[in-house]
Every structure is written in C-alpha cells, then in structure tokens.
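Here the structure is a predicted model, which means the values were calculated and not measured.
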Amino acid sequence: MTEAEFESRYQQQSDPFGVGTRWYERRKQQVLLASLGRERYGLAWDAACGTGHLALALAARCDRVLATDAAPTAVELSRSLTCRQPSVDCAVSALPARPESARGADLTVAAEILYYLPDDLRAETVSALAAQVGELATVHWRHHPHDAHLSGAAVTEELDSALARSGWERTVWHDDTDFVIAVWTRKAFQ
C-alpha cells in the first residue's frame, strides 16, 4: 500500500483499521505494551502512528512520545486523540526517514507497517531502525494482507535476521494465532 493509499483511507474513514473499536486491536496493543522490557521510557518513537491509539497508550509510560505517520490525515487524527497529552508530539514523516527528534528515543515502535513497504524502502527502513539504540518493538498481523508485500511472520523474521547482524539482541518473540510481536534491545556504542 502506498502513502497516497494510506492517506486516502484515513480521509475516507477516521479509523479505517478499527484500532479504536476491534478487540483484536485492543488485545494486540495490550500484549505489545506488556512485552516492553521497562516500566518507563524517556522518549518513544511511534514510527507509524495511524490514529494515535498506541501513542496515547505509550504516553502513560513515557516522558515524551513522538508519533509520526506518512499520512497527514492520520497525523491529524493522532493529534486530535492525544491533544490532552502534552507529552505527545505528532508529525508527518514517512519511513524510511528517521526524524531528528527520534534519534534519541530509547523505545522505537513499528506497528503494522513494515510489510506494506516494498523491498527497497523496507531495507532502508530496517537500516534506519537498526541505527536506533534502546528498545525496538514491532507488531504485525501474522498473515499476508492482500495489499502488502509480505506476511507479518515473514517481515518479522526478516527484521530479526537484519537486527542480529547489527548487534541487536531479541528479548521477546510472541507468536499469536493472529499477530507476531518481537522486541529487541541494543545499547549505545561505548
């Protein structure tokens, strides 16, 4: 799915993936949050924030949250949802770009996005994510969306291999019937 297609979906419907209403989405978010290794984080980067539901949940555990998305309408929806959380900043940014303000994040989350990226952009995104330090968490629908390039299981395995080569250590691998969550850690170079 392209950036324009995501933008079109958010313009047509304020919650096109049912993140705020579907049990699957709420459960997946709860399992992801329970998989994080620390109780508190200084800065979290939600790298594909969509409607902002995850950014809002992260705000309870983070001093600051940077919520970015390629779709301007999604960013506005996130901004509206998180407007009472002064610790959440929302900005338009498309992967593989890594915003300057995300470079100090001690938690990076990429939820339901990597399998939508074509091979070249996915490889660039993996490089950008591997340049982060701290903790990296991903969650994807296990199966193969009709408009995606890979299944969630395949994209998570691809990322796991790339991060292992970059010095990351996997700390969580949660295989669910419908989604896969993985968390990795990497400390700053001494």
Using residues 104-115 as the side-chain source, report each donor-acceptor pair under 3.5 Å to any protein atom, sequence neighbours left out, with the distance given to one decimal.
| residue | atom | partner | partner atom | Å |
| --- | --- | --- | --- | --- |
| Asp106 | OD1 | Gly42 | N | 3.2 |
| Asp106 | OD1 | Leu43 | N | 2.9 |
| Asp106 | OD2 | Arg38 | NH1 | 3.4 |
| Asp106 | OD2 | Arg38 | NH2 | 2.9 |
| Asp106 | OD2 | Gly42 | N | 3.0 |
| Thr108 | OG1 | Gln132 | NE2 | 3.1 |
| Glu112 | OE1 | Tyr115 | OH | 2.2 |
| Glu112 | OE1 | Trp141 | N | 3.2 |
| Glu112 | OE2 | Tyr24 | OH | 3.2 |
| Glu112 | OE2 | Lys28 | NZ | 2.6 |
| Glu112 | OE2 | Trp141 | N | 3.3 |
| Tyr115 | OH | Trp141 | N | 3.3 |

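A donor and an acceptor atom, one from each side chain of Trp184 and Asp160, are located under 3.5 Å apart.
For Glu169, the side-chain contact (heavy atoms from CB on, under 4.5 Å) partners are Thr185, not counting sequence neighbours. For Asp176, the side-chain contact (heavy atoms from CB on, under 4.5 Å) partners two or more places apart in sequence, or in a different chain, are Arg27, His174, Asp178, Phe179. For Ser93, the side-chain contact (heavy atoms from CB on, under 4.5 Å) test picks out Thr68, Ala97, Pro99, with sequence neighbours left out.
Between Val88 and Ala59, the closest heavy-atom pair is CG2-CB, 3.7 Å. The heavy-atom pair separating Ser35 from Val172 by the smallest distance is O-CG2, 3.5 Å. The minimum heavy-atom distance between Thr73 and Gln11, with the atom names listed, is OG1-CG, 3.4 Å.
In this structure, OG in Ser87 is found 11.5 Å from CG in Leu66, a value given to the nearest 0.5 Å.
Through side-chain heavy atoms spaced under 4.5 Å, either directly or across other Ile, Leu, Val, Met, Phe, Trp or Tyr residues, Trp23 is tied to no other residue.
Under the salt bridge (charged side-chain N to carboxylate O under 4.0 Å, His left out) criterion, the residue pairs touching residues 78-94 are Glu76-Arg79, with sequence neighbours excluded.
You'll find the side chain of Pro72 reaches within 4.5 Å of the side chain of Glu7, heavy atoms only. A heavy-atom distance below 4.5 Å is not found between the side chains of Ser151 and His143. Between Trp173 and Glu157 the shortest side-chain heavy-atom distance falls below 4.5 Å. Using a 4.5 Å heavy-atom threshold, the side chains of Asp63 and Tyr41 count as separate.
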